[in-house]
Asks: 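Once you've had a glance at the structure underneath, I'll fire off some questions.
All values below were derived from every heavy atom in this structure, side-chain atoms included, with hydrogens, water molecules and symmetry-related copies excluded.
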Protein chains: 2
Amino acid sequence: MKPLFDDLIDVMKKHRLRISKQRLKILEYLVHNRHHQTVDQIYHELHPDLPTLSKTTVYNTMKALVQAGIVKEIGIDEHETRYDITKEEHGHFKCESCHNVYDFPINIDDGLKKGGLEGYLVNSKNVYLKGICPKCLLDIKLVNTD
Amino acid sequence: MKPLFDDLIDVMKKHRLRISKQRLKILEYLVHNRHHQTVDQIYHELHPDLPTLSKTTVYNTMKALVQAGIVKEIGIDEHETRYDITKEEHGHFKCESCHNVYDFPINIDDGLKKGGLEGYLVNSKNVYLKGICPKCLLDIKLVNTD
DNA sequence: GTATAAGTTGTAATGATTACAAGTTAACTA
DNA sequence: TAGTTAACTTGTAATCATTACAACTTATAC
Ligand SMILES: [Mn+2]
Ligand SMILES: [Mn+2]
Ligand SMILES: [Zn+2]
Ligand SMILES: [Zn+2]
């Protein structure tokens with residue numbers, strides 16, 4: 001069985017995307033660091049390794065990967081676009097205290113009431129929750145002396 | 001039974017928000033035009049009626065209404081923040097052809113697998129779908145001569 | 001009616017994303 | 001393997017929604 005990484009290269013080739021070293025590094029990074037990073041984060045983390053890398057290239061690459069269906073845009077926060085290379089359906093939770101984005105299991109179709117989207121062609125689904133994560137809740141409790 | 005509009009005024013007062021004529025017009029507009037308008041749309045539609053209105057005021061007012069829990073931010077599209085004054089839980093569908101945002105019935109909790117968000121404090125939930133609406137699907141079929 | 005904190009307004013600043021043009025290179029072919 | 005070319009990369013400039021700011025105005029409390 002072929003590793004995940006090679007599968008993704010194949011998908012890129014199917015979409016007529018060239019395999020540059022920039023794209024390889026970005027793809028590799030996304031596969032190994034699944035924390036919904038922003039373009040800015042990806043750029044800064046790869047820069048030491050690829051000193052000539054341009055932020056424009058990261059933007060271009062992410063757009064290409066989205067169009068190829070390899071990554072998904074996560075727009076849980078209006079002010080920053082994040083990206084997710086994980087395939088399985090899941091929801092996203094953003095902690096309003098530590099700003100981390102967590103995955104959680106969900107089956108969107110279970111919540112859809114039948115007939116509600118009759119006649120609609122659905123291309124993408126996203127579930128976004130916001131609140132406070134368990135770690136931050138604990139911190140808040142430790143601070144409060146009630 | 002008191003009308004919806006007066007209830008909203010009461011909520012504003014509870015949150016120590018002053019009742020200016022700008023805010024009244026915006027609130028009235030939102031109650032009567034439930035199409036998930038952007039700040040820009042709200043501004044342009046009210047401008048004939050309130051010639052001195054500033055777009056900054058619309059931004060400020062929407063922020064105040066969000067904080068008071070009177071309207072909800074709809075971030076289905078990264079490039080435009082929309083607002084929704086409807087209270088009942090529902091999902092949003094954005095047509096990638098006509099760019100309209102439609103409501104649809106949903107029960108988010110039905111799709112949540114138990115234990116998945118154990119220990120998280122959830123403050124807000126959003127379900128965003130994208131695709132093609134029935135009207136646009138019909139238009140596409142009429143154009144294709146297959 | 002007065003005091004004052006809150007709201008309004010126009011303008012400037014911000015910041016993420018996109019547009020663009022010149023230089024570079026992956027991939028195909030002979 | 002070298003030549004060709006469209007695709008990719010890069011730095012810089014432009015865009016545009018949103019926010020910051022400061023002076024002016026007003027809703028609300030007493
Ligand atoms: Mn995820
Ligand atoms: Mn709605
Ligand atoms: Zn947290
Ligand atoms: Zn449509």
Side-chain angles (χ1 to χ4, degrees), chain A residues 8-27 29 36-44 46-68 70-71 73-83 94 99 101, chain B residues 8-29 36-68 70-71 73-83 94 99 101:
Chain A
L8 294 177
I9 301 295
D10 285 347
V11 175
M12 288 180 72
K13 286 181 177 166
K14 276 206 190 70
H15 283 259
R16 314 276 151 78
L17 294 175
R18 289 188 179 173
I19 314 300
S20 67
K21 62 174 179 300
Q22 291 88 343
R23 287 179 174 177
L24 277 177
K25 288 283 188 186
I26 291 171
L27 199 58
Y29 175 76
H36 316 101
Q37 285 90 344
T38 64
V39 161
D40 197 66
Q41 289 174 308
I42 296 166
Y43 170 72
H44 280 107
L46 291 181
H47 193 250
D49 210 356
L50 272 176
T52 69
L53 183 65
S54 160
K55 198 178 277 188
T56 300
T57 296
V58 184
Y59 274 111
N60 291 341
T61 298
M62 298 317 292
K63 180 168 290 181
L65 294 179
V66 167
Q67 281 169 2
I70 292 171
V71 304
E73 282 186 339
I74 304 300
I76 192 170
D77 188 314
E78 285 285 287
H79 300 79
E80 53 180 30
T81 302
R82 291 164 175 267
Y83 297 90
K94 175 157 186 170
H99 309 301
V101 174
Chain B
L8 295 178
I9 301 294
D10 285 347
V11 175
M12 289 181 71
K13 285 182 178 166
K14 277 207 190 70
H15 283 259
R16 313 276 151 77
L17 294 174
R18 289 186 179 175
I19 312 301
S20 68
K21 64 175 177 300
Q22 291 87 342
R23 288 179 173 177
L24 277 177
K25 287 284 187 185
I26 291 171
L27 200 59
E28 186 176 32
Y29 175 77
H36 315 102
Q37 285 91 342
T38 64
V39 161
D40 197 67
Q41 289 174 309
I42 297 166
Y43 170 73
H44 281 106
E45 298 216 35
L46 291 181
H47 193 248
D49 211 356
L50 273 176
T52 70
L53 183 65
S54 160
K55 199 179 277 189
T56 299
T57 295
V58 182
Y59 274 110
N60 291 342
T61 298
M62 297 318 291
K63 180 168 290 181
L65 294 179
V66 167
Q67 281 169 3
I70 293 171
V71 304
E73 282 186 339
I74 303 300
I76 192 169
D77 188 314
E78 285 286 286
H79 300 79
E80 52 179 30
T81 302
R82 290 165 176 265
Y83 298 89
K94 176 157 185 172
H99 309 301
V101 174

Asks: Ignoring hydrogens and angles, state whether a donor on the side chain of B/Gln22 or B/Thr57 is under 3.5 Å from an acceptor on the partner side chain.
Replies: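 Absent: no donor and acceptor within the cut-off.
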Asks: Please produce a list of atom pairs where a protein N or O lies less than 3.5 Å from an N or O of nucleotides 20-23 of chain C.
Replies:
none

Asks: Between B/His47 (side chain) and B/Tyr43 (backbone), is there a donor-acceptor pair under 3.5 Å?
Replies: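 No.
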Asks: Do any side-chain nitrogens or oxygens of B/Thr38 fall under 4.0 Å of OP1 or OP2 in D/dA17?
Replies: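 No.
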Asks: Provide, to the nearest angstrom, the distance between the CD atom belonging to B/Gln22 and the C1' atom belonging to C/dG10.
Replies: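 Whole-Å distance recorded here is 14 Å.
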Asks: Write down the distance between NZ (A/Lys63) and C1' (D/dT9), rounded to a whole number of angstrom.
Replies: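 Going from A/Lys63 (NZ) to D/dT9 (C1'), I get 15 Å.
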Asks: Can a side chain N or O of A/His79 be found less than 4.0 Å away from OP1 or OP2 on D/dT19?
Replies: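 True: A/His79 side-chain N/O within range (under 4.0 Å) of D/dT19 OP1/OP2.
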Asks: Nearest whole Å is fine: how far is D/dA17 C1' from B/Lys55 NZ?
Replies: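 Nearest whole value for this atom pair: 8 Å.
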Asks: Can you tabulate the close N/O pairs, meaning under 3.5 Å, that link protein atoms to atoms of nucleotides 23-30 of chain D?
Replies:
unit_1, atom_1, unit_2, atom_2, d
D/dA27, N3, B/Arg18, NH1, 3.1
D/dT28, OP1, B/Ile19, N, 3.1

Asks: Test of understanding: with salt bridge (Lys or Arg N to Asp or Glu O under 4.0 Å), list the residues that count as partners of B/Arg82, not counting sequence neighbours.
Replies: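 B/Arg82: salt bridge (Lys or Arg N to Asp or Glu O under 4.0 Å) contacts with B/Glu80.
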Asks: Nearest whole Å is fine: how far is D/dT15 C1' from A/Tyr59 OH?
Replies: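 Computing the A/Tyr59:OH to D/dT15:C1' distance gives 13 Å.
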Asks: For B/Met62 and B/Ile26, run side chain to side chain contact (heavy atoms under 4.5 Å, CB included): C-alpha distance rounded to whole Å, both residues' side-chain angles, the deciding distance at 0.1 Å, then the answer.
Replies: CA-CA 9 Å; B/Met62 297 318 291; B/Ile26 291 171; 3.9 Å; yes
Asks: Begin from the C-alpha positions of A/Leu27 and A/Ile70 and carry the test side chain to side chain contact (heavy atoms under 4.5 Å, CB included) through to its verdict.
Replies: CA-CA 9 Å; A/Leu27 199 58; A/Ile70 292 171; 4.0 Å; yes
